[in-house]
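Taking it in order: structure first as structure tokens, then the write-up.
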Amino acid sequence: MSPSIQQEISETVNMPEAHMEVFYLSGEFWVAVAFILVMAVLLKPLMKAGKNLITKRIIRIKRELQEAENLKLEAQKLYAEYERKFLNTDKEVLDIVKEQENTIEETKERKIRELNLYLQRKSNEVDNRIEQEFEQAGQEINNMISNRTEEILISVISSKLTKSDYNHLIERSITQIKNGLSANK
């Protein structure tokens, strides 16, 4: 031991007894007791208030954790739903393409039917027109033949017929017309 520590120990041991008093009679003791009592009285409400604050904070943190957990679950559900939608996107695209191809095919068939009907109608119209034109041409040819025959007959008859033959032919025609009319009645 060091000499200074030994000296202090011997001074403490050699202290006169007059300096030693009973602890509860000293002022420092009562100040310490008063301090402890004040601290105990003040510490109890402070501890209670602190405990309440901590409890409220714990409750708030638990509620926030629960909300975060709920949000996490909701986000996982949304993620799973979007992932399912993403996986179904190929199928949906194929379904849409197939549906559009069917629609296109139906439209194509309908348009082809309409076009065939239109072409058939136009073909019938053209055939009717050609037939009418043939008939008209036939009538014109017949009219021309009739007119030319009439002209030829008139020229031949006028050159070969005499006036008496001519009158006799007219009377005979009138008689045939009268007989024809009376037969029709």
message: Any salt bridge linking R84 with E81? Criterion: basic side-chain nitrogen under 4.0 Å from a carboxylate oxygen.
response: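 Answer for the salt bridge query: no.
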message: Check E114 with K111, please: is the shortest side-chain N to carboxylate O separation under 4.0 Å?
response: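 A salt bridge is present here (some side-chain N lies under 4.0 Å from a carboxylate O).
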How far does [atom1] of [X] sit from [atom2] of [Y], to the nearest 0.5 angstrom?
X    : Y    : atom1 : atom2 : result
I54  : I61  : CD1   : CD1   : 10.5 Å
L115 : L119 : CG    : CG    : 4.5 Å
E92  : L87  : CD    : CG    : 11.0 Å
E101 : L94  : CD    : CG    : 9.5 Å
L65  : I58  : CG    : CD1   : 11.5 Å
S173 : H168 : OG    : NE2   : 9.5 Å

Q132 versus N128, side-chain donor and acceptor atoms under 3.5 Å: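 There is no such pair (donor and acceptor under 3.5 Å, judged by atom type) between the side chains of N128 and Q132.
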task: Tell me yes or no: between the side chains of Y79 and E83, is some donor less than 3.5 Å from an acceptor?
output: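 Yes, side-chain donor-acceptor contact under 3.5 Å.
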message: Suppose clustering is done on Ile, Leu, Val, Met, Phe, Trp and Tyr with side-chain heavy atoms closer than 4.5 Å. Which residues sit in the same group as V93?
response: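 In the cluster with V93 are V97.
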message: Does anything in residues 27-76 form a ring-ring contact (aromatic ring centres under 6.0 Å, His included)? List the pairs, not counting sequence neighbours.
response: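 Applying ring-ring contact (aromatic ring centres under 6.0 Å, His included) to every pair that reaches into residues 27-76, excluding sequence neighbours, yields F23-F29.
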query: More than 12 non-hydrogen atoms from neighbouring residues, nucleotides or ligands closer than 6.0 Å to CZ on R129, yes or no?
result: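 Check fails, neighbour count at 12 or below.
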message: Grouping I, L, V, M, F, W and Y whenever their side-chain heavy atoms are under 4.5 Å apart, do L25 and V33 come out in a common cluster?
response: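 Yes; tracing contacts between hydrophobic side chains, which count when under 4.5 Å, links both residues.
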Is there a side-chain contact between [X] and [Y] (heavy atoms, below 4.5 Å)?
X    : Y    : value
Q66  : N70  : yes
E125 : K122 : yes
F134 : E131 : no
N116 : Q120 : no

message: Once salt bridge (charged side-chain N to carboxylate O under 4.0 Å, His left out) is applied, what residue pairs with a partner in residues 56-69 remain, sequence neighbours excluded?
response: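 Applying salt bridge (charged side-chain N to carboxylate O under 4.0 Å, His left out) to every pair that reaches into residues 56-69, excluding sequence neighbours, yields R60-E64.
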